[in-house]
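First up is the structure itself, then whatever we jot down about it.
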Amino acid sequence: MGEQVQAYLKTVQEQIRWKRARPVLALELEQHLADQTEAFQAEGQDKDTAVRLALEDMGDPVELGAELDRVHRPRPQWGLLGLTMALAAVCGFLRFALGFRYSNINIFFALGLGTVAMLGMYFLDISRLAKYSLRFYVCTVILCISLAWADQQYFLSFFSPFWHSLFLYAALFFPVVYALWVYWCRDKRWIGLALSWVGLFPLCVLCVCLPRLSAVIVILGTGFLILLHAAWKGWFRLSRLKGFMAVLLADAAFVGGILWRYSESISKRLQIALHPELDPMERGYYGFQIQNALRNLPLLGSSVETNGDIYDYHYFLCSTHDFRLTFTAVRWGWIPLLLLVTAMAVLIICLLARGLRQTHRLGRMIVLAVGLTMGLRLLLSTAMNLGVILFSVSFPMLNGNTYTVVDMALIGLALSVFRGDSIAREEFTPPPRRIRRIRLMVEYR
């Protein structure tokens with residue numbers, strides 16, 4: 001009778017055109033048939049008769065397969081794909097207009113490679129990430145430790161810029177890697193919650209090795225928010241309030257310790273960021289110059305009258321790519337800057353809003369990791385380009401060609417979650433074993 005079930009499932013799968021949906025739906029049908037068979041056997045039927053009745057109760061396989069094919073199809077994300085490509089093209093044009101001439105070919109190459117990377121991630125099956133979530137985390141940590149070691153070796157000093165850049169771009173994937181780690185730790189109660197919290201710090205230590213403070217802030221902020229969300233949703237099989245308060249207290253203790261240990265340095269950094277005129281020639285130099293450049297800008301058009309002044313600003317602001325958003329405002333006014341920031345914010349808000357509606361836990365975590373990472377970078381880089389400089393951070397898809405490729409790949413990964421939403425299923429994880437306590441009662445007479 002097992003051959004009859006397999007033949008039935010094969011017929012159903014032949015009607016489903018989406019190949020990724022076939023094994024998922026076949027597994028569900030097989031489980032449903034097994035449950036129906038057990039139900040008929042409980043009523044007194046023999047096994048062969050129970051299997052036959054279960055198949056009859058399921059219905060015609062061709063009609064069932066056609067119905068499943070109609071319901072379970074890929075959900076194209078043409079709107080968000082189009083918005084991402086439009087933003088990438090606009091950012092590429094700004095790099096072309098504001099950048100140096102020798103980099104123009106690289107800009108078009110980056111747009112093409114970024115589109116390929118985004119589409120490659122868009123068609124990715126995230127169920128494979130779920131299956132190998134622990135391996136992804138461990139391999140990423142080992143790989144980045146190797147890159148950090150290679151960056152420090154004397155005999156590899158000639159390649160040090162290459163290793164450093166590769167490490168820097170790999171750090172943009174750290175929030176997604178951490179989301180995979182939290183997914184692996186799910187359903188493990190207090191042990192899983194503790195492992196999830198501790199697992200964030202190897203990635204933070206690696207970011208310290210860059211050294212790039214913005215990467216540390218982004219991975220800490222994103223990781224804390226993801227873990228708080230997972231605890232609040234009860235994904236560790238704990239009380240919602242207990243899990244959430246445990247994570248919140250641990251995060252508060254860690255942040256409080258950092259603020260207490262580096263209180264003087266943080267206070268000076270905040271003071272100079274908010275009032276760069278206090279130290280206009282050293283720490284507040286860039287903030288002071290940016291505020292002067294943005295003073296009295298029109299809504300549309302430039303307040304710089306001579307070409308010589310424009311090229312002076314170009315040399316100053318584009319000497320580091322992080323200030324290209326500032327020079328956009330200097331060159332064309334406030335409206336282009338506001339439009340670019342608003343369009344990027346709309347894309348990020350759409351990702352986060354749709355991510356919070358995902359029922360598949362890994363899919364939700366991946367979208368939150370991508371959306372929160374880009375959202376924090378958007379906020380911090382916008383503040384930096386307005387003269388409030390806490391640390392250097394890249395504006396999504398604007399600051400460099402390789403950044404564009406990485407950002408488009410991350411957005412494609414988030415969109416792959418939406419595309420395969422109809423077949424997203426949770427993997428079964430057996431509940432942790434509980435130690436039974438046996439009380440021995442001894443009665444004395």
Counting heavy atoms not belonging to [X], are there more than 12 under 6.0 Å from its [atom1]?
X      : atom1 : result
Leu278 : CG    : yes
Tyr132 : OH    : no
Arg135 : CZ    : no
Phe109 : CZ    : no

| query | Does Arg186 use its side chain to pair, donor to acceptor, with the backbone of Phe236 at less than 3.5 Å? | reply | no

| query | Which of these passes side chain to side chain contact (heavy atoms under 4.5 Å, CB included) with Leu372: Leu225, Val367, Val218? | reply | Leu225

| task | Begin from the C-alpha positions of Met281 and Phe288 and carry the test side chain to side chain contact (heavy atoms under 4.5 Å, CB included) through to its verdict. | result | CA-CA 9 Å; Met281 299 306 296; Phe288 183 73; over 6 Å; no

| Taking 4.0 angstrom as the limit, do Asp187 and Arg361 come out as a salt bridge? | yes

| note | With Asp69 as partner, the option from Arg17, Gln15, Arg22 fulfilling side chain to side chain donor-acceptor pair (under 3.5 Å) is Arg17

| note | Between Ala414 and Leu351 the two heavy atoms that sit nearest each other are CB-CD2, 4.2 Å

| Shortest non-hydrogen contact from Val216 to Cys207? | CG2-CB, 3.6 Å

| request: Check whether the ring centres of Tyr403 and Tyr169 lie less than 6.0 Å apart, and answer yes or no. | output: yes

| message | Less than 6.0 angstrom from the centroid, inside 45 degrees of the normal: does Arg419 satisfy that with respect to the ring of Tyr122? | response | yes

